[in-house]
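A quick write-up on the structure given underneath.
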Protein chains: 2
Amino acid sequence: MTPQTIRVACSNCNLRELCMPMGLSESDIGRLDDLVATRRKIKRGAALFSNGDRFNALYAIRTGFFKTCVATADGRDQVTGFQMAGEIIGLDGIVADRHSCDAVALEDAEVCVMPYDRIEELSREVPALQSHVHKIMSREIVREHGVMLLLGSMRAEERLAAFLLNLVQRLHARGFSQSELVLRMTREEIGSYLGLKLETVSRTFSKFAEEGIVEVKQRHVRILDTEALRAIVNAPACA
Amino acid sequence: MTPQTIRVACSNCNLRELCMPMGLSESDIGRLDDLVATRRKIKRGAALFSNGDRFNALYAIRTGFFKTCVATADGRDQVTGFQMAGEIIGLDGIVADRHSCDAVALEDAEVCVMPYDRIEELSREVPALQSHVHKIMSREIVREHGVMLLLGSMRAEERLAAFLLNLVQRLHARGFSQSELVLRMTREEIGSYLGLKLETVSRTFSKFAEEGIVEVKQRHVRILDTEALRAIVNAPACA
DNA sequence: CGACGAATTGATCAAATTCAAGCGACGTGG
DNA sequence: CCACGTCGCTTGAATTTGATCAATTCGTCG
């Protein structure tokens, strides 16, 4: 099997359960294979798409790790999310036919390119796909509600605890450890996502480490006390 | 024409251009009329839906003003948005078949109830509707990106300025003044949305008033210097 | 091995929160 | 129609949190 003959097919992709609808008939699954036009590799630090780019496809992440961010006129920017294998990015582009944020690979990555017109066409014919697309968008809306809650009403420790729990939970769903993780992003990027400065992120990591909740060695994090993190997130303000 | 005979029809609704797709054929418009099953009145302070409620419809606001909010386990809550006539609420419910936030009327309101299964069905047959639904969801995602930027990287004055500009712009699109508005929400609700305490909101209003940027009398706000507000939003941190 | 980017840590500072008091508008019931 | 009570808003003073400025240290990669 030479590279040329590799069939780009959802039907035998091990990530299918993450990005595709479940419980399809055999024939529908076959049709879904046509959704993915090509794959695309993105080098670490490169953008999959940028603010202002014409929108024409959604992307399913096969491997690698992304951040998405928006920027103000005056140069400040805000990380709006971190995305990993099996997640879909590009939804921001639908409304105005142009992307309104940047998607940057935090490590070498590969995505499945799903041309949007094909998604619309196919989801008219396959109700399960239609429903799935709606759910993906709704999920993103709900996720962002959670981030708003975090940014609007949590203190630094709560934000970082919530961030770690969320990351490790998503990694666990992909077969990784529940207690150990390697951060793909810098302190500054974490800070941007959490509405904190990088120094605050670093200090809060150190504080957690002192308290024996985590072990931190640069980007390697081992969670020693998940319950403590949960307690921090749900704490009624006072510790 | 007795009340019973009032036809609930999008085709002769003056808000149509806000909540329905444009450029439809006559026959498609006729089909869209079937989308709205009923209308529903909500008293000020009452919930259109609440966290945990079964999801079965999206709602187009006909009259009135809503807030949506999410809550933490420990009682804090976060306003995730304010919605006015012509806007669609309920998208959060699609992903899990249950609503994950509360929608509360800030004044007596009326909504068009659009059963979700009918939306899915009809949007399979009317591409313009399908596209419109996708755009509405994408727009909400992009709006929330903006809120994340606001919450994550703006100071109090910038947040309030951005909030006022956004409100007045949306009101203007509905035929209201560009410079005068009546707030439908309390300082506390504004604060929750902006990630600030009500005292900070009040102080910031006072500051703007002192500087001659706005005139504030309780919930009546008159914007005297729109450019100053814009400058505050785009200010590179230092004033 | 050296250099650069990333992370940690300390000291100081500013912004927003908290606590507290008082005012004003509005609605209800006498 | 007015008195009263409630809720929302404003303003002040003290406190807290996280930001800023600055100096090292750590790691990785030419």
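Sequence lines set the chain letters: A, B, ... in the order given, protein chains first and strands last, and positions in each chain run from 1.
- At least one side-chain heavy atom of A:Phe82 sits under 4.5 Å from a side-chain heavy atom of A:Tyr193.
- Mapping heavy-atom proximity under 4.0 Å, the span of DNA chain D touched by chain A runs 5' to 3' from D:dT17 to D:dC21.
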Does B:Glu144 form a side chain to side chain donor-acceptor pair (under 3.5 Å) with A:His145? I'd like the steps, not just the answer. CA-CA 8 Å; B:Glu144 291 185 5; A:His145 283 175; 3.1 Å; yes
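- The side chain of B:Arg155 contributes an N or O atom lying less than 4.0 Å from OP1 or OP2 of C:dA15.
- Using a 4.0 Å cutoff on non-hydrogen atoms, the parts of residues 196-203 of chain A near DNA chain D are A:Leu196, A:Lys197, A:Glu199, A:Thr200, A:Arg203, ordered by number.
- Whole-Å rounding puts the B:Leu194 CG to C:dA15 C1' distance at 16 Å.
- We find that CZ of A:Phe205 is positioned 13 Å from C1' of C:dA6, with the value rounded to whole Å.
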Would you check, one step at a time, whether the test salt bridge (Lys or Arg N to Asp or Glu O under 4.0 Å) holds for A:Lys207 with A:Glu157? CA-CA 9 Å; A:Lys207 184 155 183 293; A:Glu157 292 167 39; 3.1 Å; yes
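- The heavy-atom pair separating B:Leu151 from A:Leu151 by the smallest distance is CB-CB, 3.7 Å.
- B:Gly191 comes within 4.0 angstrom of nothing in the nucleic acid, heavy atoms only.
- Checked options A:Glu188, A:Glu189, A:Glu87; the residue passing with A:Lys67 is A:Glu189 (criterion: salt bridge (charged side-chain N to carboxylate O under 4.0 Å, His left out)).
- The separation between A:Glu189 atom CD and C:dA6 atom P is 8 Å, rounded to whole Å.
- Remark: C1' of C:dT9 and CZ of A:Arg187 are 13 Å apart, rounded to the nearest angstrom.
- Distance NZ (A:Lys217) to C1' (C:dT8): 15 Å, rounded to an integer number of Å.
- Donor-acceptor pairing under 3.5 Å is lacking for the side chains of A:Gln178 and A:Thr226.
- Rounding to whole angstrom units, CZ of residue B:Arg44 and C1' of C:dG27 are separated by 11 Å.
- We find that CZ of B:Arg219 is positioned 11 Å from C1' of C:dA25, with the value rounded to whole Å.
- Using a 3.5 Å distance cut-off with no hydrogens or angles, the side chains of A:His99 and A:Asp53 do not pair a donor with an acceptor.
- Nearest heavy atom pair, residue A:Ile42 against residue A:Ala105, reads CG2-CB, 3.7 Å.
- None of B:Arg44, B:Arg62, B:Lys43 except one satisfies the salt bridge (charged side-chain N to carboxylate O under 4.0 Å, His left out) rule with B:Asp108; the exception is B:Lys43.
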